[in-house]
Every structure is written in C-alpha cells, then in structure tokens.
Amino acid sequence: MSDNDENHLIGERRAKLAKLRERGNAFPNDFRRDALAADIVTAYGEKSAETLEAAAVRVKVAGRMRAKRVMGKASFARLEDSSGAIQVFLQQQTLGEVYDEFKGWDVGDVIGAEGTLFRTKTNELSVRVEKLHLLTKSLRPLPDKWHGIADTELRYRRRYVDLIMNEDSRRVFETRSAIVRYLRAFLDTRGFLEVETPMLHPIPGGAAARPFKTHHNALDSDMYLRIAPELYLKRLTVGGFERVYEINRNFRNEGVSTQHNPEFTMLELYQAYADYTDLMEMIETLFQGLADSLLGSRKLIYQGIEIDLSQSFARKSIEDIILENNPDIDPMSLRDTLYLRRICDQMKIPYKAGDGPGKLQIEIFERTGEHTLVQPTFAYAYPAEVSPLSRRNDADPFITDRWEFFVGGRELANGFSELNDAEDQAQRFKDQVERKDAGDEEAMYYDADYVRALEYGMPPAAGLGLGVDRLVMLYTNSPSIRDVLLFPHMRPEY
RNA sequence: GGGACGGUAGCUCAGCUGGUAGAGCAAGGCCCUUUUAAGGCUUUGGUCCUGGGUUCGAGUCCCAGCCGUCCCA
C-alpha cells in the first residue's frame, strides 16, 4: 500500500508523457476502432493462413497493451479490449519512426492499431499493423504479469487494477449484472411493477438493525438511511399496486465481515392475495431458473460443497430444527423463558433481560441450527416476538407465517405473510418501543403513518426480501461479499 | 469485541539461533524481423508498516499502535 508516492517507474513514465505533450496532443480521441478482439477471433479464428492472406481483411483495433515483446526490428504486443485480446505484429520496415517510438511505450498503455489479419508461424491469428497510435499513456505500472494482484486489500481498494488483471473478477461482475437482469425479467413477466421508494427515512423501519443517521439542513430534521424499504412498499399495496418490487441499496450501521457490508443490495417484493407458501414456491422457481440460466445445471459447487437445487427445497420449523440439533432440549419446555435461559447459559449465549421465549429460541437456532442448513431449506414458523411485521399463524399465535431461506448455512431470503391488521400492528410497534426503551438498539420505532395506511385496509399479501449480494456469492462461488461488490467498504486509506 | 496470521524494491516473494538488504518480473542501457511468462548481456531501484524498548549491534527479540486477511462472538 505504498506507491501513492512517486517512484522511479512512475517518474520514467511521466518523462515519456512530457515528451508526448511537447509533440502535440498527448491524449488523442480521434481513433475509431471497427472491430472487437473477440469478434475477430470468432469470425476468422478458423480461417487458414492462405485464406486470410487472400482476403486481406483490414481491421482497426484498440485496447490496453498487456504484453510487449520486442525482437529488434519486429515486435509482438497483446491488445486487450472489453471482449478479449488479440495479438498485433509490428515491423520497423512498415512502421518506421512510429516503430522506434513504440519500443519506448509501456505495458498498460492504451493503443490503437490498424492493419490486416494474418497467421504467425505458430498459427496465432494476429494483426499485421500498418498504422499505430498511442492513445493513452499509462503512468503507473501494472502488477506482476505472472502472479497478478495477490494482495486482497489492493484488489478491493483499487478495483480498477483488479479488473485489468483478473478475468475472473470481471466475470463475477458480469454475472452479477446477469443475475439482476434475470430477477427483473422474472418479476416483470409475473406482473410485478418495479418502483423506487425513499432512501432517506424520517423513521428507520422494516428491519431490526441499527441505522446510519444524517440530518436534513433545510428541514432541520434528523433522517436515516433506510435499513429496508418494506414499510414503503407495503404502503403501495394499500394504494392498489398489488405486485411491487424494488432492487436497491439498504444501509445498516453494523459490523463488516465476509458476509456483511454496510450497504448492500436487496430485492424486496410484495404480492397481494398470496401467502408465505406461495413465496416459497416462487423462491424455488427463481433459484432453479437462475441455475438453469447461468450454469445450465441445478447442481452447483459453493466453496467445495455441492448444492443441489434440483429437488423440492426442504421446509422445517424453527422448533424442529432446534430439537434436531439439540437432542437434550425438552420439547415440552421449548416456550418456557426460564428453561430457555438455562439452555442459553449452558451454551454461553448472551441474552437480555427483556428477551422472551421467541427471542431465546432464535438465539439458540442461530447458534446451533443455521449452519446445518447447507442444502436449500426454508426455516419457517418464526416466533411472533421477533417478527413484528409478520402475520400471526391462525392456529398458533406464538408463531408467524414467516420463513427464512438458507443455502450453504447462510440466510439468503426472508419472507412472510404480511400483518395487515392495523390494531395488531400498532400493538407490535408498542412492544418494539418498549424493547427499545429497555436498551435494544435493534428494536423498531413506532411508525404512525404506516399504521394509518394499514387502517385504510391493506389486502392480504405476502412479501420477501432477497439479499442480492449473497445470491451473487452463491452463483459465482465467491467466499466473501467483497468479491461481489465493486467497491466494498474499507477503512479510509487517506 | 476475542483469537490466529500477515505488512521487506513498482509487483510476487525469500531473508535460519540478532551480525553490511536478496531473487524473479517490471524499469533504464546494449543486441536481436515470428514472439507468446520471448531470449542474451548489463544497470538502477529499500522509511524492512509506525513509534518506543532490549542490545555493542534489530528486518529478525519485547511492548504499544496502524492497516489488512481469516476464524470465533
């Protein structure tokens, strides 16, 4: 992390640039290419040397010089553009003075070349260059051509260098884009309307998380970066948009890890006249369709573990998962606060005085159950205590009609039948405010306008949130969320 | 928040029980008209993360801090 200061390599390149400036425009923008490297290879990669010679195909290519091999009066260089790379062949006898200048150009410079296609002695499709232009002088040397960029910190802080050096990295972000396009197409064909709701919230809501706080000067009021769009999207279902979704950033003022970035991308959707089981089916269809589309297979490898998306996804209740992984726990005492506290004490799980049986269950589940959910699994029947926006189960008011979806031991999505009983919602908000007053920083605020919206009548509905970054991690086999974020959060460098 | 590991040339990395700072690539110079990690000869390049301490002497040992990676909570 130290070459922000000048070094002799940069100094030499600056001197070269100074000479270019003396001779005229050092940053020309009048070269126009007429072919991409990959298109040339596709069109002519199979043609024989004789065919190419006879056809005398002229091309203009441009790109970053990634390799430079000078052999006296002839040279090869590899030009890389957004599509791929192609080799160019340069000769002193055809290029003259420009050839001598080229010998001083550096790997990393952006170059334009015009010439005809041919095959080298080793049969590589190449451009025999007749005109050559230096388009952009690169002042900073690229990392080692063989080892590339090994320092993960540098890869994240200088993503532009990572993208130059690392084709795998480029591919991850292309796949990310393909996944987001797939999500939109998937929902658009099902009659969902994409909307944009506020990022600046007067009251942070829709999730249990600590918000970033900011201030609106003109209004002289505190604002929060949103932790979830949920309450706004559900207001829209009140307004008559019966199927809505939003793909956008959420902000949570919490720790940074391989699974967490302070800002992350979430798909949230709401569908009227549907319940949480409908959304399980939707997730199943979506994940299988993504696998078909991206991988051509419903089995994928994530970090060495095979994930099988081809079968119907497992569905297990929270209480069953707890019992399955903790055979010593008494099933009859699973909702007994004092009993659960003793269990937590044994497991050294911290809890707060106000935590009821539902919260304690979830703590035990997160400690002992989550990591076992490797194959795609819906953990459902979340306690109402930890689900202040979910619809209570008709038969068992302790739980809600809510699931979280796990793959690889990691939560990817959260969905539930929506609580549309305004009076129940008001009471749940009050309970949250009590928890907040008791010191729970993640408890929710009372959102009076949201309750008012429900009082107008929200149709029965279900909704889900899907973590897009984690989804991309799964389908690109990326171990860290930073690998799927172009510019992940880092401590400031300066 | 706790633990493990790491930070040495532009890049990738060596550097043993403390004793003059090393290699490959990149870069500068010379040679070379079919290379593909091109090759040959040659030269340059260092706040060993920072600050203390121990010592005749610290890249190396000790303490504190900064930055990062991974694991755990």
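Residue numbers begin at 1 in each chain, while the letters A, B, ... track the order of the sequences.
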- Item | Pairs satisfying side-chain hydrogen bond (donor to acceptor under 3.5 Å, both in side chains), at least one member in residues 366-381 of chain A, at least two apart | A:N326-A:T368
- At under 4.0 Å between heavy atoms, what does A:G148 touch on the DNA or RNA strands: base, sugar-phosphate, or nothing? sugar-phosphate
- salt bridge (charged side-chain N to carboxylate O under 4.0 Å, His left out) involving A:R33 - partner list, sequence neighbours excluded: none
- Can you tell me, in whole Å, how much space there is between the C1' of B:rA21 and that of B:rA58? 13 Å
- Query: Looking just at side-chain N and O atoms, do A:Q303 and A:N477 make a donor-acceptor pair shorter than 3.5 Å?
  - Reply: yes
- Provide the distance between the two C1' atoms, one in B:rA14 and one in B:rG22, to the nearest whole Å. 7 Å
- Item | Separation of the C1' atoms in B:rG46 and B:rU55, to the nearest angstrom | 24 Å
- Not counting sequence neighbours, which residues clear side-chain contact (heavy atoms from CB on, under 4.5 Å) with A:H8? List them please. A:E12
- Task: Could you tell me the separation between the CZ atom of A:R157 and the C1' atom of B:rC11, rounded to a whole number of Å?
- Result: 18 Å
- Sorted by first residue and then second, give each side-chain hydrogen bond (donor to acceptor under 3.5 Å, both in side chains) pair with at least one member in residues 340-352 of chain A; sequence neighbours left out. A:D345-A:Y351
- Interatomic distance where NE2 belongs to A:H147 and P belongs to B:rC11 [whole Å]: 14 Å
- Query: Given atom CG of A:L9 and atom P of B:rU12, what is their separation to the nearest angstrom?
  - Reply: 14 Å
- A:M165 CE - B:rC11 P separation (whole Å): 12 Å
- Task: Could you give the distance separating B:rC48 and B:rC41 at their P atoms, to the nearest angstrom?
- Result: 32 Å
- Query: Given that both distances must come in under 3.5 Å, which nucleotide forms a Watson-Crick or G-U wobble pair with B:rG24?
  - Reply: B:rC11
- Within this structure, what is the CZ-to-C1' distance between A:F118 and B:rU35, rounded to whole angstrom? 10 Å
- Query: What is the distance from CD1 of A:I149 to P of B:rG7, rounded to the nearest Å?
  - Reply: 17 Å
- Same-atom distance (P) from B:rC61 to B:rG6, integer angstrom: 10 Å
- Whole-Å distance between B:rC30 C1' and A:K103 NZ? 11 Å
- Message: For B:rA64, give the paired nucleotide (Watson-Crick: N1-N3 plus N6-O4 or O6-N4; G-U: N1-O2 and O6-N3; both under 3.5 Å), or none.
- Response: B:rU50
Atom pairs, N/O to N/O, protein against nucleotides 69-73 of chain B, distance under 3.5 Å?
{"unit_1": "B:rU69", "atom_1": "OP1", "unit_2": "A:R482", "atom_2": "NH1", "d": "2.4"}
{"unit_1": "B:rU69", "atom_1": "OP2", "unit_2": "A:R482", "atom_2": "NH1", "d": "3.0"}
{"unit_1": "B:rA73", "atom_1": "O3'", "unit_2": "A:R367", "atom_2": "NH2", "d": "3.0"}

- Considering every strand shown, what is the Watson-Crick or G-U wobble mate of B:rU69 when both distances are under 3.5 Å? B:rA4
- Message: Output the rounded distance in Å from CD (A:Q93) to P (B:rU33).
- Response: 11 Å
- Item | Partners passing side chain to side chain donor-acceptor pair (under 3.5 Å) against A:T51 (at least two apart in sequence or in another chain) | A:S48
- Task: Write down the distance separating the P atoms in B:rC13 and B:rC49, rounded off to the nearest Å.
- Result: 15 Å
- Item | Distance-only side-chain donor-acceptor flag, A:S75 / A:Y99, under 3.5 Å | yes
- Item | Base partner of B:rA38, which must satisfy Watson-Crick or wobble distances under 3.5 Å | none
- Under 4.0 Å: is that the gap between some side-chain N or O of A:K16 and OP1 or OP2 of B:rG28? yes
- Message: On the side chain of A:D151, is there an atom forming a donor-acceptor pair with the base of B:rG68 - under 3.5 Å, no angle test?
- Response: no
- By a strict heavy-atom criterion of less than 4.0 Å, which residues belonging to residues 65-88 of chain A are in contact with RNA chain B? A:R69, A:V70, A:M71, A:G72, A:K73, A:A74, A:F76, A:Q87
Could you pull out all donor-acceptor pairs under 3.5 Å where a side-chain atom in residues 330-337 of chain A meets a protein atom, sequence neighbours excluded?
{"unit_1": "A:D330", "atom_1": "OD1", "unit_2": "A:M332", "atom_2": "N", "d": "2.9"}
{"unit_1": "A:D330", "atom_1": "OD2", "unit_2": "A:S333", "atom_2": "OG", "d": "2.6"}
{"unit_1": "A:R335", "atom_1": "NE", "unit_2": "A:E319", "atom_2": "OE2", "d": "2.8"}
{"unit_1": "A:R335", "atom_1": "NH1", "unit_2": "A:D396", "atom_2": "OD1", "d": "3.2"}
{"unit_1": "A:R335", "atom_1": "NH1", "unit_2": "A:D396", "atom_2": "OD2", "d": "3.2"}
{"unit_1": "A:R335", "atom_1": "NH2", "unit_2": "A:E319", "atom_2": "OE2", "d": "3.3"}
{"unit_1": "A:R335", "atom_1": "NH2", "unit_2": "A:D396", "atom_2": "OD2", "d": "2.7"}
{"unit_1": "A:D336", "atom_1": "OD1", "unit_2": "A:L338", "atom_2": "N", "d": "2.9"}
{"unit_1": "A:D336", "atom_1": "OD1", "unit_2": "A:Y339", "atom_2": "N", "d": "3.2"}

- Message: Can you tell me if A:K121 touches the phosphate of B:rU35, counting only side-chain N or O atoms and a distance under 4.0 Å to OP1 or OP2?
- Response: no
- Query: Does the pair A:E385 and A:K359 meet the rule for a salt bridge (charged side-chain N to carboxylate O under 4.0 Å, His left out), with working shown?
  - Reply: CA-CA 6 Å; A:E385 184 187 342; A:K359 174 75 172 168; over 6 Å; no
- Task: Between A:S126 and A:D106, just flag the one whose closest nucleotide in RNA chain B comes earlier from the 5' side.
- Result: A:D106
- Query: Say you pick atom P in B:rC70 and the same atom in B:rC25; how far apart are they, in whole Å?
  - Reply: 32 Å
- Message: Whether A:R78 and A:E80 form a salt bridge (side-chain N of Lys/Arg under 4.0 Å from carboxylate O of Asp/Glu) is what I want to check.
- Response: yes
- Item | Nearest-angstrom distance, P atom, B:rU42 to B:rG24 | 11 Å
- Message: Test of understanding: with side-chain contact (heavy atoms from CB on, under 4.5 Å), list the residues that count as partners of A:D320, not counting sequence neighbours.
- Response: A:S317
- Message: Judged by each residue's nearest nucleotide on RNA chain B, which is more toward the 5′ side, A:W146 or A:Q92?
- Response: A:Q92
